[in-house]
Amino acid sequence: MRLLKDLLYNISILERKGMNNLALTRICFDSRSCEPDCLFVAVRGVAVDGHNYIDKAIEDGARVIVCEAFPEVTEENITYIKVKDSSKALGILAANFYDNPSEEIQLVGVTGTNGKTTVATLLYDVFSGLNFKVGLISTVTYKIGKTSYPSTHTTPDVIRINELLREMISAGCRYCFMEVSSHALDQNRTHGLQFDGGIFTNISRDHLDYHGDINTYIKVKKKFFDQLGKEAFALVNVDDKHAPSMLLDTKARQKSYSLNAVSDFKAKILESHFDGTLIQINGIDIYTRLIGRFNVYNVMAVFAVAEELGVDQLQVLTILSCLQPVKGRFEQIRSNNGIVAIVDYAHTPDALKNVLETIQSIRTSEQKVYCVVGCGGDRDTGKRPQMGKIAVLLSDQVILTSDNPRTEDPNRIILDMENGLTDNEKFKTLSIADRRTAIKAVVRMAAKDDIILIAGKGHEDYQEIQGVKHHFDDMEEVISCFKALEN
């Protein structure tokens with residue numbers, strides 16, 4: 001139970017009706033989760049306006065309503081509080097409800113188009129390897145120490161974030177590393193949190209179905225760094241042309257990493273192959289089992305954050321050399337006859353290009369590269385021809401297939417991908433809408449030592465078709481096909 005007057009600390013109230021000294025059981029912004037003696041926040045969402053559910057929330061037991069506009073008819077036994085922005089108020093209420101846990105743990109956020117999951121997960125692995133208790137909030141999983149919980153969103157709602165942080169503190173966690181998505185920033189899901197550091201990986205085309213255009217997407221990402229305090233650090237990849245704009249209005253101390261530009265943490269690649277990469281950061285050699293130029297950026301970010309947080313450099317280097325790839329991120333398996341299959345989450349043009357260029361830079365002239373790729377339904381259609389074009393230009397053979405078609409016709413999505421190709425380029429493609437059949441086909445097509453990239457789903461263990469999620473795991477499918485080859 002929490003007193004309303006305590007929950008309202010730091011909230012700018014425009015108008016109030018009702019009692020102040022109430023004891024409340026929980027905070028809700030979904031009327032379906034309301035219970036007796038709870039506080040309901042009416043948030044204007046993308047598809048649903050919580051103000052339309054105030055009566056339902058009261059019916060289910062809400063005693064306090066926080067909203068941007070009072071309903072036409074108010075009830076005498078209900079307290080109403082008017083604020084300018086309900087979503088921001090929700091963040092402060094959630095933080096107050098859980099006694100502001102972000103002030104008691106070192107919280108570091110990672111934002112950018114690509115690399116968020118890998119950087120956050122590697123930071124969790126490094127600091128766990130240093131015998132710290134650590135929390136993780138990522139696309140793949142939420143972790144409190146060694147205990148894992150299913151991940152529902154890249155960045156969960158702000159109530160769940162504060163709940164997780166409080167549980168982490170109770171479990172003795174000293175650090176939490178967290179992915180911060182553009183959707184979360186736009187919807188104020190991180191409002192009210194105190195970050196000790198922020199990382200910017202890169203920006204390329206993604207989520208334009210939501211944001212509308214690339215400039216809006218960039219501004220939303222910048223919002224994260226604008227909110228950092230002067231005691232925090234802002235670490236950016238200055239090889240990305242958008243890095244300077246991220247730092248434009250930040251109060252945090254500025255740090256940078258790069259392969260090309262002048263930076264605080266400068267790296268170069270010494271050796272690269274399918275077993276790992278030898279790199280040098282600020283004159284120090286580091287071997288990592290992670291592969292590809294894009295992963296060098298991820299390792300640099302981890303190394304830099306560890307330095308900013310005051311961790312012993314030698315210990316960090318030792319652990320970095322032992323780290324395994326993150327699930328679904330350039331995850332490899334080999335058949336008995338040497339076919340290399342790579343499962344990767346690459347679902348944007350830039351990510352697909354990075355992975356295929358990495359494969360091209362490592363493969364021998366005798367090895368053929370096959371790519372199985374699709375695009376998600378009900379999402380940015382503009383990237384579909386780009387994805388098809390990149391796959392064809394950087395592969396010997398491409399199979400266009402389904403990703404998560406959602407409510408769209410998979411064949412329509414494939415046609416959109418084909419529209420980016422010339423007639424000659426289409427000769428290098430094969431369209432198989434069923435993803436399982438596509439993976440079986442590519443394994444049969446590949447010869448000894450050839451390379452197969454299965455892109456788009458990575459760690460996901462489902463396919464969403466017409467609103468229904470069916471179990472589907474790319475790695476499981478590849479393993480099954482490889483076993484069939486042996487029989």
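Each residue takes its place number in the sequence, starting with 1. Note that these values count all heavy atoms, side chains included, but never hydrogens, waters or copies made by symmetry.
- No donor-acceptor distance shorter than 3.5 angstrom exists from the side chain of Asp344 to the backbone of Leu453, with no hydrogens or angles considered.
- For the pairing with Asn404, the side-chain contact (heavy atoms from CB on, under 4.5 Å) check across Arg435, Gln463, Arg379, Lys469 returns one residue only, Gln463.
- Not one N or O on the side chain of Arg289 forms a donor-acceptor pair closer than 3.5 Å with the backbone of Gln324.
- A salt bridge links Arg2 to Asp99: one of the charged nitrogens lies within less than 4.0 Å of a carboxylate oxygen.
- Between Val43 and Ser87, the closest heavy-atom pair is CG1-CB, 4.1 Å.
- Here the side chains of Ile11 and Ile81 are not in contact, with every heavy-atom distance at 4.5 Å or above.
- What you find for Asp60 and Ser31 is that their closest heavy atoms are OD2-O, 3.6 Å.
- With values rounded to the nearest 0.5 angstrom, Cys176 atom SG is found 5.0 Å from Leu165 atom CG.
- Under the side chain to side chain donor-acceptor pair (under 3.5 Å) test applied with Tyr297, the options Thr201, Asn237, Asn354, Asp239 reduce to a single match, Asp239.
- Within 6.0 Å of OH in Tyr53 there are 12 or fewer heavy atoms belonging to other residues, nucleotides or ligands.
- Shown here is Lys219, whose NZ atom has no more than 12 heavy atoms of other residues, nucleotides or ligands within 6.0 Å.
- The side-chain heavy atoms of Phe274 and Ile451, taken from C-beta on, include a pair separated by under 4.5 Å.
- Salt-bridge check for Lys440 with Glu477: failed, with every basic side-chain N at 4.0 Å or more from each acidic carboxylate O.
- Atom NZ of Lys223 is surrounded by more than 12 heavy atoms from other residues, nucleotides or ligands within 6.0 Å.
- Looking at Ser256, its side chain does come within 3.5 Å of a backbone N or O of Asp264 through a donor-acceptor pair.
- A donor-acceptor pair under 3.5 Å is formed between the side chain of Asp85 and the backbone N or O of Lys88.
- Residues Leu485 and Asn336 have side chains not in contact (no heavy-atom distance under 4.5 Å, counting atoms from C-beta outward).
- Phe97 CZ to Thr25 OG1: the interatomic distance, rounded to the nearest 0.5 Å, is 7.0 Å.
- Atoms OG and CZ, from Ser86 and Phe40 in turn, are 9.0 Å apart once rounded to the nearest 0.5 Å.
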What's the verdict on side chain to side chain contact (heavy atoms under 4.5 Å, CB included) for Leu122 and Arg329, showing C-alpha distance, side-chain angles and the deciding distance? CA-CA 12 Å; Leu122 292 179; Arg329 270 65 176 175; over 6 Å; no
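- With Asp196 contributing its side chain and Ala232 its backbone, the two residues share no donor-acceptor pair below 3.5 Å.
- How far CG of Asp403 is from CD of Glu464: 10.5 Å, rounded to the nearest 0.5 Å.
- From Leu164, atom CG reaches atom CD1 of Ile159 across 12.0 Å, with rounding to the nearest 0.5 Å.
- Taking 4.5 Å as the limit, some side-chain heavy atom of Leu24 sits within range of a side-chain heavy atom of Leu4.
- Between Ala391 and Val373, the shortest heavy-atom contact is CB-CG1, 4.0 Å.
- Remark: side-chain polar atoms of Ser33 are not paired, donor with acceptor, to backbone N or O of Cys28 under 3.5 angstrom.
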Side chain to side chain contact (heavy atoms under 4.5 Å, CB included) evaluation trace for Ile319 with Asp125: CA-CA 8 Å; Ile319 294 168; Asp125 290 339; 6.0 Å; no
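- The residues Asp49 and Arg44 are annotated as salt-bridged, a charged nitrogen and a carboxylate oxygen being separated by less than 4.0 angstrom.
- The minimum heavy-atom distance between Ser258 and Lys266, with the atom names listed, is OG-CD, 3.3 Å.
- Ser102 places a side-chain N or O within 3.5 Å of a backbone atom of Gln194 that can act as its donor or acceptor partner.
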Check the pair Phe200, His242 against side chain to side chain contact (heavy atoms under 4.5 Å, CB included), reporting the backbone distance first and the verdict last. CA-CA 10 Å; Phe200 168 71; His242 302 294; 4.3 Å; yes
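- Between the side chain of Ser480 and the backbone N or O of Glu476, no donor-acceptor pair lies under 3.5 Å.
- Ring geometry for Phe224 against Phe195 counts as perpendicular: the plane angle is over 60°, on a 0 to 90° scale with 30° as the lower cut.
- In summary, Arg26 and Glu35 engage in a salt bridge, as defined by a charged side-chain N under 4.0 Å from a carboxylate O.
- Ring geometry for Phe265 against Phe303 counts as perpendicular: the plane angle is over 60°, on a 0 to 90° scale with 30° as the lower cut.
- Closest heavy-atom contact between Met168 and Leu136: CE-N, 3.8 Å.
- With hydrogens and angles ignored, the 3.5 Å screen pairs a side-chain donor or acceptor of His471 with a backbone N or O of Asp461.
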Determine, step by step, whether Val443 and Phe482 satisfy the side chain to side chain contact (heavy atoms under 4.5 Å, CB included) criterion, reporting the C-alpha distance in whole Å, the side-chain angles of both residues, the deciding distance to 0.1 Å, and the verdict. CA-CA 8 Å; Val443 170; Phe482 280 175; 4.0 Å; yes
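- Using cut-offs of 30° and 60° for the angle between ring planes, the His347 and Tyr345 rings count as tilted.
- Glu103 contributes atom CD, which lies 10.0 Å from atom CG of Leu193 (distance to the nearest 0.5 angstrom).
- Surrounding NZ of Lys268 are at most 12 heavy atoms belonging to other residues, nucleotides or ligands under 6.0 Å away.
- For Ser182 (side chain) and Val220 (main-chain N/O), no donor-acceptor pair under 3.5 Å exists by modelled atom type.
- In terms of heavy atoms, Leu259 sits closest to Ala267 at CD2-O, 3.1 Å.
- Checked for salt-bridge contact, Glu163 and Arg160 meet the test: a charged N lies under 4.0 Å from a carboxylate O.
- Taking the centre and axis of the six-membered ring of Tyr462, the NZ or CZ atom of Lys457 falls inside the cone set by 45° and 6.0 Å.
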side-chain hydrogen bond (donor to acceptor under 3.5 Å, both in side chains) between Lys222 and Ser245: does it pass, once the steps are laid out? CA-CA 7 Å; Lys222 178 183 179 298; Ser245 65; over 6 Å; no
